[in-house]
Peer 1: 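Okay, here's the structure, questions in a sec.
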Amino acid sequence: MGFLCFLFVIIELQCELLKSSSAADTIRPSQFLRDGNTLVSRGGKFELGFFSPGSTNRFYLGIWYKTIPDRTIVWVANRDKPIQDPPGALTINGNGSLLLLGRNQTVVWSSEQPATTTYPAAQLLDTGNFVVRSDEQKDAKSGSGSYLWQSFDHISDTLLPGMKVGADLRTGLVRRVSSWKSPDDPSPGQLSYEMELNAYPEPVMRKGSAKVFRNGPWNGLRFSGSAVIEPDPIIHVQVVDNSEEVYYMYKVNNDSIISMYRLNDTTSSGHRYFWVQTGKTWKIYLSTPRDYCDNYGLCGAYGVCVISESPVCQCMKGFVPKSPAKWNAMDWSDGCVRNKPLTCGEGDGFAKLEGLKLPDTERTWVSKSMGPKECKANCLANCSCVAYAQFDITGSGSGCVMWFGDLVDMRQLPVRDQPLYIRMPFAELMTEGRSTEEHIILLAVVVFISMDSGIIILIHYISKARRKLKESNNVENSYTKEMQEEDMELPTFDMASIANATNNFSIDMKLGEGGFGPVYKGTLPDGQGIAVKRLSLTSGQGLNEFKNEVTLMAKLQHRNLVKLLGCCDEGDERILIYEYMPNRSLDFFLFDQTKSKLLEWSTRFHIIFGIARGLLYLHQDSRLRIIHRDLKASNILLDNEMNAKISDFGLARCFGNTQITANTTRVVGTYGYMAPEYTIDGLFSIKSDVFSFGVLLLEIVTGKKNKGFYHASHNLNLIGEAWRLWKEGRPLELITNAPYEDSCHVSEILRCIHVGLLCVQHKPCDRPSMSSVVLMLSSENTLSQPKKPGFFMDRNLLEEVGTSNQNTLNSVNQISITLLQAR
């Protein structure tokens, strides 16, 4: 009898295993999914089963992409309730509740109890949605059906196409994305992404309870914080805002594209990835926050973040910093306040601001049917209304949004199709010299009330506005203008002579190509060798850079600067003629595994010292201070004796003898060599050239590129690796396997590394001048200890933010640089 009971148990277990193993994408009551078995969606795209993250002994029920070799978990059931003692099992009871069982059949996790149903089943769909349905439902082919329960309502750290972020107003269900606490712990972390249910809803990313980023509200075409005008080629967004639901959802335009949006708690950012089949890897398609100006509320109330300005925070017109001392110290948290108070009623008007991310919508009022004129009138009649905008900009547009309270979290964007109208006192509008129809009507009201005083006010403000405009238009760099107006005494060449010298720009005579255009070798009739630099019509540089280089090079004479022999300016042709450098440029030797062996240490030090002397001349000994702004290995030419000569002055700028720094809205140069204050804030000085020199010095010492440096055990760039080894007391490991290692002088190489680290310190004030650099390189004096360098970062982070684009650098360390020409 005992034997028969034992046999019965064996048969029962075999039947149970048979049931569980035979279910491809579905389990039903009395069936169990155990550790080692999985469900696979009908199309084979997703898989559901048990996993243990990292080296932990905690087990979770999750969903991952079946077709991707590197397991990518996209959903976890028991995020904060792991199974500590495996094995676990998943089943569904007769009421339709999912039950996750641990040891001794204890319930570790369960889905909520659905409404009474018959014949329940749990099915994994090809959308990645794990649903509970009744067998009476026959439409379970997509994630859009009406289910008793679905995983899409309980999002983990990953947003898949078709998932809704938002709320069901009928049931009170809120769907949000929340990060993992760590790579080994899928329990909810600090970072979350959700639809904030204001009158004008918008997606918001939070860290804990604090906002860190918001997309801006949906205007019918896009989120107002988006800088993208053209339709996205990979994804399309759907936003629903009605009495039943408010949500955001994205889908892919091509079903063959595998994508996801994932929150990363360690970087406080969200990344939208897509799977690249050819490379078998995930690629970041979008990252948020995408730059410094995306940091929530960076500039405080009534402050606007302009990524191309320095500093990035600017008060809106008619406003001034609330705390000038803190503002000047780059603490913008107090924001801005009005120059003149509002008077309420007809004493106020509206300033039209375009190209802005709309302010935080937490305190807004919306009418979807109200027209623009009625919207303006209603805002003007309510003294608490500080701004208004159009709700929907699609088609003819409609709707009204009004803001109450301070305006926060605005930034400048290139799109201008949803203006924001800011309430301003009439006197402030006239001070700004505005001449819109709105202001003319307001002026007429004032004149009607008091004709004499109105005329006086009008004359005063018009005169003031004209003076302000005239002063603005007359701002020029007097030093640059002085140089441009002087006779340059530079020989000019005709096009025929240059064509003859280069064999009609033969491809056989081409030496290379840079940001300006191609460079050809040529020979003049007297036998002199020349280098001919011809401006390309598709070049990132243009006439201004051409004139700038001609103007500067005609005035500069130094043994460590390349000599400009003449130029040609005929029709559309812009050509520069230089002395020919038989050994081409430094990068030709430095980064080539074979040619680098020709650079003995004595030659390298000679090149370093020559570059330092050339920069010293530019910064101190020439008539004007010259900031090169594009110092790099390819812009160092070598003559037949390997003397270094600095070239390419198209991006250089002149300073007066008393001028120290300047800023620009057009950041130009080469990524990897630019100083942090220049890259981020457009602020440049002689110290930004010193930073570039420091990078170049470390490259010459090591023979490795800062931008492309790679170490098998970590992902620091060259600057970071030099700093790490210096702090650990092992700086000579930088030259391991260097071709000159046996011939170098240890004390000299250590001094060069030391000087290089001093030059790349983060703060410009900590970096030495070039006169000090020359002295340090040529003496044995004791040097100060370097501080942490700028752009000391992980190489993987650089790749994630898109440094693969060689023409336009989109972001560095979550900071985006607009108008940057990376050469």
Peer 1: Check whether Asn198 reaches the backbone of Pro201 with its side chain - one donor and one acceptor, N or O, closer than 3.5 Å.
Peer 2: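 No; zero donor-acceptor contacts below 3.5 Å.
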
Peer 1: Has the side chain of Asp185 got a donor or acceptor atom that lies under 3.5 Å from a matching backbone atom of Ser187?
Peer 2: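 Side chain of Asp185 to backbone of Ser187: a pair is present.
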
Peer 1: For the backbone of Gly216 and the side chain of Ser224, can you confirm whether one donor and one acceptor N or O come within less than 3.5 Å of each other?
Peer 2: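 No: the side chain of Ser224 does not pair with the backbone of Gly216.
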
Peer 1: When you look at Trp218 and Phe223, which way does the side-chain contact (heavy atoms from CB on, under 4.5 Å) test go after all the steps?
Peer 2: CA-CA 4 Å; Trp218 182 257; Phe223 294 114; 3.8 Å; yes

Peer 1: Mind checking whether Asn129 and Ser151 have side chains closer than 4.5 Å, heavy atoms only?
Peer 2: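 The answer is yes, as the side chains (C-beta and beyond) meet within the 4.5 Å cut-off.
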
Peer 1: Show, in sequence, the C-alpha distance, side-chain angles and deciding distance for Arg262 and Thr72, and conclude whether the side-chain hydrogen bond (donor to acceptor under 3.5 Å, both in side chains) test is met.
Peer 2: CA-CA 11 Å; Arg262 170 164 288 178; Thr72 304; 5.6 Å; no

Peer 1: Taking Glu47 as the fixed residue, which of Lys66, Arg71, Arg42 is the one that meets the salt bridge (Lys or Arg N to Asp or Glu O under 4.0 Å) rule?
Peer 2: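 By the salt bridge (Lys or Arg N to Asp or Glu O under 4.0 Å) criterion, Glu47 pairs with just one of Lys66, Arg71, Arg42: Lys66.
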
Peer 1: Decide if atom CZ of Arg363 counts as having more than 12 heavy atoms of other residues, nucleotides or ligands within a radius under 6.0 Å.
Peer 2: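 Result for CZ/Arg363: open.
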
Peer 1: Hey, does the side chain of Asp265 reach the backbone of Gln190 with a donor-acceptor pair shorter than 3.5 angstrom?
Peer 2: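 Present.
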
Peer 1: Taking the ring centre of each residue, are Trp75 and Phe46 less than 6.0 Å apart?
Peer 2: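 Ring-ring flag for Trp75/Phe46: false, centres at least 6.0 Å apart.
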
Peer 1: Do side-chain atoms of Thr364 reach the backbone of Val401 as a donor and acceptor pair under 3.5 angstrom?
Peer 2: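 Side chain of Thr364 to backbone of Val401: no pair is present.
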
Peer 1: Given Leu101 and Val107, is the side-chain contact (heavy atoms from CB on, under 4.5 Å) satisfied, shown in steps?
Peer 2: CA-CA 5 Å; Leu101 307 176; Val107 177; 3.8 Å; yes

Peer 1: Side-chain contact, heavy-atom cut-off 4.5 Å: Trp282 with Met260?
Peer 2: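 A side-chain contact exists here, since the closest heavy-atom pair is under 4.5 Å.
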
Peer 1: Between Asn242 (side chain only) and Glu244 (backbone N and O only), is there a donor and an acceptor less than 3.5 Å apart?
Peer 2: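 Checked: pair present.
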
Peer 1: I'd like to know whether Cys293 forms a disulfide (SG to SG under 2.5 Å) with Cys305, so could you lay out the CA-CA distance, the side-chain angles of the two residues, the decisive distance to 0.1 Å, and finally the verdict.
Peer 2: CA-CA 6 Å; Cys293 281; Cys305 192; 2.0 Å; yes

Peer 1: Are Trp64 and Thr38 close enough, and set up right, to give a side-chain contact (heavy atoms from CB on, under 4.5 Å), and what steps lead you there?
Peer 2: CA-CA 11 Å; Trp64 54 86; Thr38 62; 4.3 Å; yes

Peer 1: Decide yes or no for Lys705 and Leu718: does some side-chain heavy atom of the first lie under 4.5 Å from some side-chain heavy atom of the second?
Peer 2: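 Lys705 vs Leu718: side chains apart.
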
Peer 1: Short question: side chain of Arg28, backbone of Ala121 - any donor-acceptor pair under 3.5 Å?
Peer 2: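 No; judged by distance alone, with no hydrogens or angles, the pair does not exist.
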
Peer 1: Do you know which two heavy atoms are closest between Ser259 and Tyr250, and how far apart they sit?
Peer 2: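 For Ser259 and Tyr250, the tightest heavy-atom pair comes out as OG-OH, 3.1 Å.
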
Peer 1: Check this for me: Lys45, atom NZ, are more than 12 non-hydrogen atoms of other residues, nucleotides or ligands nearer than 6.0 Å?
Peer 2: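 Counting other residues, nucleotides and ligands, NZ of Lys45 exceeds 12 neighbours.
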
Peer 1: For residues Ser256 and Asn254, is any side-chain donor paired with an opposing acceptor at under 3.5 Å?
Peer 2: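 The answer is yes; a qualifying pair exists.
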
Peer 1: Any chance you could lay out the side-chain hydrogen bond (donor to acceptor under 3.5 Å, both in side chains) test for Ser97 and Asn95, step after step, and finish with the verdict?
Peer 2: CA-CA 6 Å; Ser97 290; Asn95 295 325; over 6 Å; no

Peer 1: Going by the side chain to side chain donor-acceptor pair (under 3.5 Å) test, name the single residue among Arg214, Glu202, Glu196 that passes it with Thr361.
Peer 2: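 So the option named by the test is Glu202.
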
Peer 1: For residues Thr67 and Gly44, report the shortest heavy-atom separation together with the two atoms involved.
Peer 2: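 Smallest interatomic distance, heavy atoms only, reads CG2-O, 3.5 Å.
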
Peer 1: Is the distance between the ring centroids of Tyr193 and Tyr261 under 6.0 Å?
Peer 2: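 Aromatic pair counts; centres sit under 6.0 Å.
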
Peer 1: Do Val312 and Arg411 come close enough that some side-chain heavy atom pair is under 4.5 Å?
Peer 2: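 With C-beta onward as the side chain, the pair stays apart.
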
Peer 1: Under 3.5 Å, is there a donor-acceptor pair between the side chain of Asp392 and the main chain of Lys368?
Peer 2: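 No; judged by distance alone, with no hydrogens or angles, the pair does not exist.
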
Peer 1: How are the rings of Trp109 and Trp149 set to each other: parallel, tilted or perpendicular (split at 30° and 60°)?
Peer 2: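 Perpendicular.
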
Peer 1: When you measure from the side chain of Asp409 to the backbone N and O of Asp360, does any donor-acceptor pair fall under 3.5 Å?
Peer 2: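 It does not hold such a pair.
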
Peer 1: Testing Arg175, Arg176, Lys164, Lys211 for salt bridge (Lys or Arg N to Asp or Glu O under 4.0 Å) with Glu194, which one passes?
Peer 2: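 Checked Arg175, Arg176, Lys164, Lys211 against Glu194; only one passes salt bridge (Lys or Arg N to Asp or Glu O under 4.0 Å): Arg176.
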
Peer 1: Do Gln418 and Leu413 make a side-chain contact, defined as non-hydrogen atoms from C-beta onward lying under 4.5 Å apart?
Peer 2: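 They are not in contact (no side-chain heavy atoms under 4.5 Å apart), so the answer is no.
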
Peer 1: Tyr248 and Asn215: side-chain contact (heavy atoms from CB on, under 4.5 Å), yes or no, with the steps?
Peer 2: CA-CA 11 Å; Tyr248 149 72; Asn215 293 78; over 6 Å; no

Peer 1: Do the side chains of Pro53 and Tyr60 get nearer than 4.5 Å, heavy atoms only?
Peer 2: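 Tyr60 reaches Pro53 side chain to side chain.
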
Peer 1: With distance as the sole criterion, is a donor-acceptor pair present between the side chains of Ser41 and Asp25 under 3.5 Å?
Peer 2: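 Short answer, no.
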
Peer 1: Check whether Asp80 reaches the backbone of Pro188 with its side chain - one donor and one acceptor, N or O, closer than 3.5 Å.
Peer 2: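 Side chain of Asp80 to backbone of Pro188, a donor-acceptor pair under 3.5 Å: no, none is there.
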
Peer 1: Starting at OG of Ser179, measure out to CG of Asp157 and round the result to the nearest 0.5 Å.
Peer 2: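 Ser179 OG to Asp157 CG: 7.5 Å, rounded to 0.5 Å.
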
